[in-house]
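Some notes on the structure that comes next.
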Amino acid sequence: MQTLHLTIHTIPIQQCTVEKTPFSIGSDKYNDLVIPDNSVDKGHAKIAFKEGQYYLLDEGSTKPRKNSDAEGGLRLRSYSLTA
């Protein structure tokens with residue numbers, strides 16, 4: 001289990017424990033971490049664990065993002081997470 005610290009511009013917002021992967025993040029109530037904010041999509045991101053490393057997978061909001069790759073209509077990007 002790992003602890004996720006959510007910050008916005010270095011301001012601590014929320015903290016939770018990632019007990020399983022994939023771990024979903026978004027504004028919809030069915031996510032593992034719910035962020036009730038208009039700038040957060042219903043299914044915004046997921047945390048996955050692969051080959052001993054945690055990754056943040058951008059599920060691609062409907063808003064265009066810089067430096068994102070389009071796959072199947074979604075903008076996906078993977079970020080390696082560090083402790």
Side-chain angles (χ1 to χ4, degrees):
M1 289 188 294
Q2 296 293 321
T3 302
L4 175 66
H5 300 272
L6 178 64
T7 61
I8 297 177
H9 302 291
T10 69
I11 300 168
I13 303 297
Q14 191 172 350
Q15 179 176 311
C16 66
T17 301
V18 177
E19 296 180 354
K20 66 174 186 74
T21 62
F23 182 87
S24 61
I25 303 168
S27 61
D28 191 83
K29 66 181 180 180
Y30 298 106
N31 286 292
D32 298 307
L33 172 59
V34 177
I35 304 172
D37 187 278
N38 289 335
S39 66
V40 177
D41 290 316
K42 290 181 179 182
H44 201 88
K46 287 186 180 171
I47 294 176
F49 188 78
K50 183 177 180 181
E51 298 175 0
Q53 178 69 46
Y54 284 95
Y55 291 90
L56 176 66
L57 306 171
D58 183 348
E59 291 289 295
S61 83
T62 55
K63 304 167 199 127
R65 294 189 200 295
K66 276 186 166 182
N67 301 323
S68 295
D69 301 319
E71 286 185 20
L74 297 177
R75 298 188 183 279
L76 301 174
R77 185 139 183 159
S78 174
Y79 302 90
S80 175
L81 302 176
T82 58

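All residue numbers in this chain count up from 1 along the given sequence.
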Looking only at heavy atoms, which two atoms of [X] and [Y] are closest? And how far apart?
X	Y	value
Y54	Q2	CE1-CG, 3.3 Å
S24	Y30	OG-O, 4.3 Å
T3	Q15	CG2-CG, 3.5 Å

Between [atom1] of [X] and [atom2] of [Y], what distance do you get to the nearest 0.5 Å?
X	Y	atom1	atom2	answer
K46	L56	NZ	CG	12.0 Å
I35	I25	CD1	CD1	6.0 Å
K50	T21	NZ	OG1	12.0 Å

Checklist entry - Same cluster or not: are F49 and L33 linked, directly or through other Ile, Leu, Val, Met, Phe, Trp or Tyr residues, by side-chain heavy atoms under 4.5 angstrom apart? => result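 F49 and L33: one cluster.
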
Next on the checklist: Taking side chain to side chain contact (heavy atoms under 4.5 Å, CB included) as the definition, give me every residue that meets it alongside E19, ordered by chain and number, with sequence neighbours left out.
Outcome noted: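 In terms of side chain to side chain contact (heavy atoms under 4.5 Å, CB included), with neighbours along the sequence ignored, E19 is linked to M1, T17.
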
Item to check | Pairwise salt bridge (charged side-chain N to carboxylate O under 4.0 Å, His left out) hits with a residue in residues 28-40, at least two apart | outcome: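 As it turns out, the salt bridge (charged side-chain N to carboxylate O under 4.0 Å, His left out) pairs with a partner in residues 28-40, which skip direct neighbours, are K20-D32.
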
Item to check | Donor-acceptor under 3.5 Å (S27 side chain, V40 main chain) | outcome: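 Yes.
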
